[in-house]
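One-based numbering, in listed order, for ligands and for the atoms of each. The shown structure was predicted, so the numbers you read here are calculated from the model rather than taken from an experiment.
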Amino acid sequence: MTQFTLADRLATLPPYLFAQIDKVKAEVAARGVDIISLGIGDPDMPTPDFVIEALKKAAEKPANHQYPSYTGMLAFRQEVANWYKRRYAVELDPKTEVLTLIGSKEGIAHFPTAFVNPGDLVLVCPPCYPVYAIASRFMGGVVQELPLLEENDFLPDLDAVDEATWEKARCIFVNYPNNPTAAMAPRSFFEKLIGIARKHNVIVVHDAAYTEMYYNENNRPLSIMEIPGAMDVAIEFNSLSKPYNMTGWRVAMAVGNASLVAGLGKVKENMDSGAFQAVQEAAIVALRDGDAFLAEIRDIYRKRRDTVIAALNKIGITCRVPEASLYVWARVPEGYTSSDFVTRVLQETGVVMTPGNGFGAAGEGYFRISLTVNDERLEEAVSRIASL
Ligand code: PLP
């Protein structure tokens, strides 16, 4: 069989950092150990019944069996606008400032195709979701990192970026509540960022996948679109995946500056044919009727968070108590690298955690625990960790 070489953009991707963990996991499983994965941020609970019922009804309508519109159903985009108004007091024009996506990963990954030319400077803030940098590099973008340090509350130090860099930058990707650090950004941070972006004409891409996964009603995560002036320079990616347990459904939205939304829409028009309308109809119901469900889900994750923090404290690991996201982000004990610690925990307990360096070198020295396993398994995992 002919072995074809990959295109350069793929051949130059950094090595897969979880390969080593996957290898150890296979070895541990081969010993017959019951593996518990706290590795992936994929909600374990099912999509709520009222959304599934809506999908069943929508799937029976023949009109939904044909190609959907590229930009998404206007009814879905209108419901997104209603949801943004109710949740964030943000006004959006559903026709020009909202776009349906096949998951926010799809939108984020396509965004640089619309706005990054070869040689353009793209700012990313690691440790972070790898898609921002990879999709930008695919387009020939030059990526500069603004690391998220604990002493800066895991916010990028905007003052450390010089004027010339801001002047050169095409766009900056930020994500709050943050994966993996679980940090939230205060309003003052977003205000400063929007101010700088407007001054230097930089596009702000805010990944808002976790804004609904919060545990403190008095400190709810913001949409960047709440900030005056954001509509001038920002696009925000939000998603039904995490809040409504709908990761498999692939439905999300981009909102914000009309020219950014239109540019992304133009890429999608040429690359895909829209999200299944029945899924969009069910997503309308989730956004419209899902508030009580979200309150229940937040209680469950808050309890899980407390269980994990207590177990970590028991073995002498202290960390910030997250107020949002689905993750706990903690420093590895003295003398370990991220990989060493995660490997030791896996070998000795069968519990899989994510090494921080998997999110970029800035994550070295940390590990991430995902709260997406049920109480029984989580209790089992933490009791194994506590016995280390
Ligand atoms: N952004 C962040 C920070 C994520 O962690 C994820 C998924 O894990 C996504 C975006 C993608 O979510 P989806 O494509 O399911 O909307």
Do Thr247 and Asp42 get their side chains close enough for a donor-acceptor pair, meaning under 3.5 Å?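 Checked: Thr247/Asp42 side chains pair up, N/O donor to acceptor below 3.5 Å.
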
Report every pair formed by an N or O atom of ligand 1 and a protein N or O atom separated by less than 3.5 Å, giving atom names and the distance to 0.1 Å.
from	atom 1	to	atom 2	distance (Å)
ligand 1	1 (N)	Asp207	OD1	3.3
ligand 1	1 (N)	Asp207	OD2	2.5
ligand 1	5 (O)	Asn179	ND2	2.8
ligand 1	5 (O)	Tyr210	OH	2.7
ligand 1	8 (O)	Lys242	NZ	2.7
ligand 1	12 (O)	Ser104	OG	3.3
ligand 1	14 (O)	Ser104	N	3.1
ligand 1	14 (O)	Lys105	N	2.9
ligand 1	14 (O)	Arg250	NH2	2.7
ligand 1	15 (O)	Ser241	OG	2.6
ligand 1	15 (O)	Arg250	NH1	2.9
ligand 1	16 (O)	Ser104	N	2.8
ligand 1	16 (O)	Ser104	OG	2.8
ligand 1	16 (O)	Ser239	OG	2.6
ligand 1	16 (O)	Ser241	OG	3.4

If you look at every heavy atom in Met246 and Ala286, which pair is closest and at what distance?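 What the structure gives for the nearest pair is SD-CB, 4.3 Å.
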
Any salt bridge linking Lys61 with Glu281? Criterion: basic side-chain nitrogen under 4.0 Å from a carboxylate oxygen. yes

With Arg9, which residues qualify under side chain to side chain donor-acceptor pair (under 3.5 Å), at least two apart? none

Look at the aromatic rings of Phe50 and Phe293 and report parallel, tilted or perpendicular, splitting at 30° and 60°.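 It falls in the perpendicular class, over 60°.
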
Face-on cation placement of Arg298 at Tyr214 ring, 6.0 Å and 45° thresholds: yes

